[in-house]
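Scope of the values below: all heavy atoms of this structure, side chains included, with no hydrogens, waters or symmetry mates. Heads up: numbering here begins at 1 and tracks the sequence.
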Amino acid sequence: MIGESSGRDPRPDPERAGEPGRRGIMQPLIVATIVIAGLYFGRPVLEPLALALLLSLLLAPAVRWLHLHRVGRSAAVFATVILAVVVIVGIAGAVGDELVGLARDLPRYEENIAAKIRSFNTVPGAGVVGRATRVLRDLGNQLSPAEASGPLASAPGEARQPVPVEIRSTEPALLQLLRNVAGPLLQPLAFVGLVLLFAILFLLKREDLRDRLLRLAGARDLHRTTAAMNEAAERLSNYLLMQLGIGVCFGVPVGIGLAVLGIPSAPLWAVLGVLLRFIPYLGGPLTAVVPCLLAIAVDPGWSLLLWTVLLFAAVELVLANVVEPWVYGRTTGLSPVAVVFASVFWTWLWGPVGLLLATPLTVCMVVLGRYVPQVQFLEILLGNRPVLSREESLYQRFLAQDPEEATEQAEEFARAKSLEAFFDEVAIPALLMAQADSDRGALSAERRAVIAAGFATILDNLAEDGAGENDDDKTEPLVACLAGRNELDLAAAWVLQHLLRRRGHRVVVFSPDAVSTFNIDRLPLQGATVVCLSLISTTATARARYLVRRIRRRARRARLIIGFWGQKPSDFSIDEATAATAADAVVTTLAAAVADIEAALKALSASPPARSIAEIVADKLTRQSA
């Protein structure tokens with residue numbers, strides 16, 4: 001029956017209404033947690049796979065070169081891998097031999113090291129350190145006898161405790177040696193062997209693995225999947241190649257500098273520096289450790305250590321602040337902040353191996369975010385492409401009340417193109433975005449006034465000390481710019497005024513209040529040659545036609561132009577708007593408005609000046625008397 005309640009409350013439950021939003025937030029968090037947990041617990045398998053993939057990408061050009069020179073695929077792969085292993089083992093052996101030699105020569109450098117230790121006694125505060133060292137040494141000497149007699153000693157008169165006896169079976173010396181030596185080396189050797197095995201398989205079955213990944217990713221969208229794989233492979237290859245170039249740029253000056261300073265085995269440290277540069281941010285400091293230790297050992301003073309540190313600091317400063325940001329941005333598509341974040345994240349997740357793989361793995365994530373809409377946030381967070389368009393960035397700067405940065409954007413754009421192009425391609429679209437927000441109630445009148453004030457500040461910053469402005473010249477024809485409805489129309493009128501003043505024209509701007517119903521009849525437009533009506537806020541021809549009719553009463557001889565700024569020709573017919581509004585011309589860009597106004601002013605200056613009625617009557621009387 002009508003009026004009976006069905007027992008259900010028609011009002012939405014706030015808790016139930018919030019459930020879809022919470023589910024929308026929780027689902028990505030749950031997925032991210034599962035993925036991170038899988039990466040962490042799958043580390044024993046995923047680490048060698050990732051390292052093998054990186055090694056295969058690094059060796060692929062050599063394999064391809066050998067294969068092009070009529071070497072079989074298997075032979076090319078095994079020859080390249082064996083050569084790489086020999087080089088790596090040789091460098092590691094040379095570094096280890098140098099360290100062993102340094103340890104063996106320590107007695108020869110003992111006097112130098114002792115002299116440096118003695119020099120610390122002259123440093124303020126060294127006495128406190130010495131006294132603390134002596135106290136700790138004395139305390140250790142006092143505790144040593146007590147610890148030695150610990151369970152066996154007994155107080156006088158007490159019964160001696162029985163000594164526990166434990167029977168152990170003796171192991172053969174060979175088994176004990178294998179356990180002590182081979183045991184700790186077994187896991188690293190197995191890890192290296194697994195990496196090499198995967199790398200060989202990747203190089204041998206490269207095309208087959210590619211086809212299987214394409215099929216797994218989706219055979220229905222081969223174009224997008226192939227483009228993603230090609231872009232990821234190209235970026236990683238470029239990154240490895242550029243990183244090798246950075247390593248050479250680091251190793252060559254370091255090797256030459258160390259040789260000039262007299263550090264032993266300088267070429268070895270140069271080669272080590274080339275290899276360690278593949279580790280982001282830590283490669284340079286790690287390379288400097290052993291040369292600095294050698295500088296401490298071989299030099300009686302501190303000058304060699306100082307010059308060694310300055311050498312590494314100078315080279316690292318140039319590479320880290322100039323070369324590496326450019327390489328990361330151009331070859332990998334990553335922002336510098338993303339590189340630092342990725343290094344911290346993958347190091348926390350996988351340790352030192354994660355630090356080595358941080359940049360390549362993040363590159364793959366950015367490419368995945370570019371081609372998979374569900375994870376597009378990865379490209380937004382980690383990529384280096386601008387996430388805001390120029391007009392969006394300008395609009396955001398106005399909302400943040402930061403006209404200085406907006407001025408910098410204008411100057412940067414003007415250097416690339418022109419200031420007129422900036423106003424038409426960036427400033428007017430930003431005003432259109434503001435008007436769209438105003439139409440849907442998201443932008444108040446106060447915020448519109450803030451945006452207009454921001455435009456005024458930009459134009460004031462861009463003004464060239466008044467060059468080209470001649471508003472005081474009363475002989476110059478007057479151009480009047482009228483703001484149609486609100487502050488955004490006024491901002492567009494100010495922009496047009498700025499462009500015309502740069503060309504030497506006399507321009508005045510009237511606010512929206514001046515063209516209101518009560519004030520429009522009092523506008524001083526009698527001396528205006530051209531009148532331009534600025535409209536961002538509407539494209540309605542009825543409103544424009546009403547304003548045109550009212551303006552005609554005040555400026556009968558003026559050319560009347562309407563600027564429907566930012567309208568696209570595909571959505572807006574200029575001829576229909578001109579006929580509907582009864583204006584002399586309708587424009588949609590500032591450049592078109594400037595061209596039309598200058599054409600009107602040029603035609604006015606070329607035509608003969610209008611004669612007064614007295615001159616006409618006098619001329620007629622003269623002809624009659626003649």
Side-chain angles (χ1 to χ4, degrees), residues 420 423-424 427-429 431-432 435 476-501 503 505-607 610:
E420 291 79 4
F423 288 130
D424 262 327
I428 294 298
L431 288 175
L432 289 173
Q435 185 59 48
E476 179 72 18
L478 177 65
V479 178
C481 296
L482 280 64
R485 291 182 63 186
N486 59 28
E487 298 83 357
L488 303 180
D489 300 332
L490 180 61
W494 282 339
V495 173
L496 180 60
Q497 179 191 39
H498 178 81
L499 294 177
L500 291 173
R501 282 185 173 181
R503 296 173 175 267
H505 302 300
R506 189 163 64 102
V507 188
V508 294
V509 174
F510 295 96
S511 66
D513 294 336
V515 298
S516 64
T517 304
F518 300 102
N519 298 326
I520 192 169
D521 290 333
R522 290 191 290 270
L523 280 176
L525 299 178
Q526 291 81 1
T529 304
V530 180
V531 177
C532 182
L533 181 61
S534 173
L535 290 173
I536 282 280
S537 57
T538 182
T539 58
T541 56
R543 167 74 176 176
R545 185 173 59 252
Y546 163 75
L547 291 174
V548 167
R549 187 165 58 248
R550 301 296 297 270
I551 293 170
R552 288 289 190 193
R553 300 175 185 174
R554 309 297 302 169
R556 296 183 180 276
R557 298 180 179 274
R559 179 175 176 81
L560 206 155
I561 302 171
I562 301 178
F564 288 111
W565 308 120
Q567 300 302 316
K568 297 180 180 179
S570 58
D571 304 330
F572 185 82
S573 175
I574 294 179
D575 295 334
E576 293 179 1
T578 304
T581 58
D584 294 321
V586 171
V587 294
T588 58
T589 63
L590 294 170
V594 171
D596 193 291
I597 292 172
E598 289 192 328
L601 296 176
K602 184 177 181 180
L604 178 65
S605 62
S607 61

Value for CD1 (Ile562) from SG (Cys532), rounded to nearest 0.5 Å, stands at 9.0 Å
Could you tell me the separation between the CD1 atom of Ile536 and the CG atom of Leu490, rounded to the nearest 0.5 Å?
-> 11.5 Å
Would you please name every residue forming a side chain to side chain donor-acceptor pair (under 3.5 Å) with Gln435, sequence neighbours left out?
-> Asp439, Asn486
Quick one: does Arg545's side chain have a donor or acceptor within less than 3.5 Å of a partner on Ala580's backbone?
-> yes
Kindly indicate whether the side chain of Ile561, heavy atoms from C-beta on, has any atom under 4.5 Å from the side chain of Asp584.
-> no
Output the distance between atom CG (Leu601) and atom NE2 (His505), rounded to the nearest 0.5 Å.
-> 5.5 Å
Using modelled atom types only, decide if a donor and an acceptor are shared between the side chain of Asp596 and the backbone of Val587 within a distance under 3.5 Å.
-> no
Looking at residues at least two apart in the chain, or sitting in another chain, which of them share a side chain to side chain contact (heavy atoms under 4.5 Å, CB included) with Ala480?
-> Leu482, Val508, Phe510, Leu525, Ala528, Val531
From CG (Leu499) to SG (Cys481), nearest 0.5 Å = 10.0 Å
Would you give the length of the straight line joining atom CZ of Arg550 to atom CG of Leu533, rounded to the nearest 0.5 angstrom?
-> 13.0 Å
Among Val495, Val530, Ile597, Leu590, side-chain contact (heavy atoms from CB on, under 4.5 Å) partner for Leu500 | Ile597
From Leu432 atom CG to Trp565 atom CH2, the distance as rounded to the nearest 0.5 Å = 11.5 Å
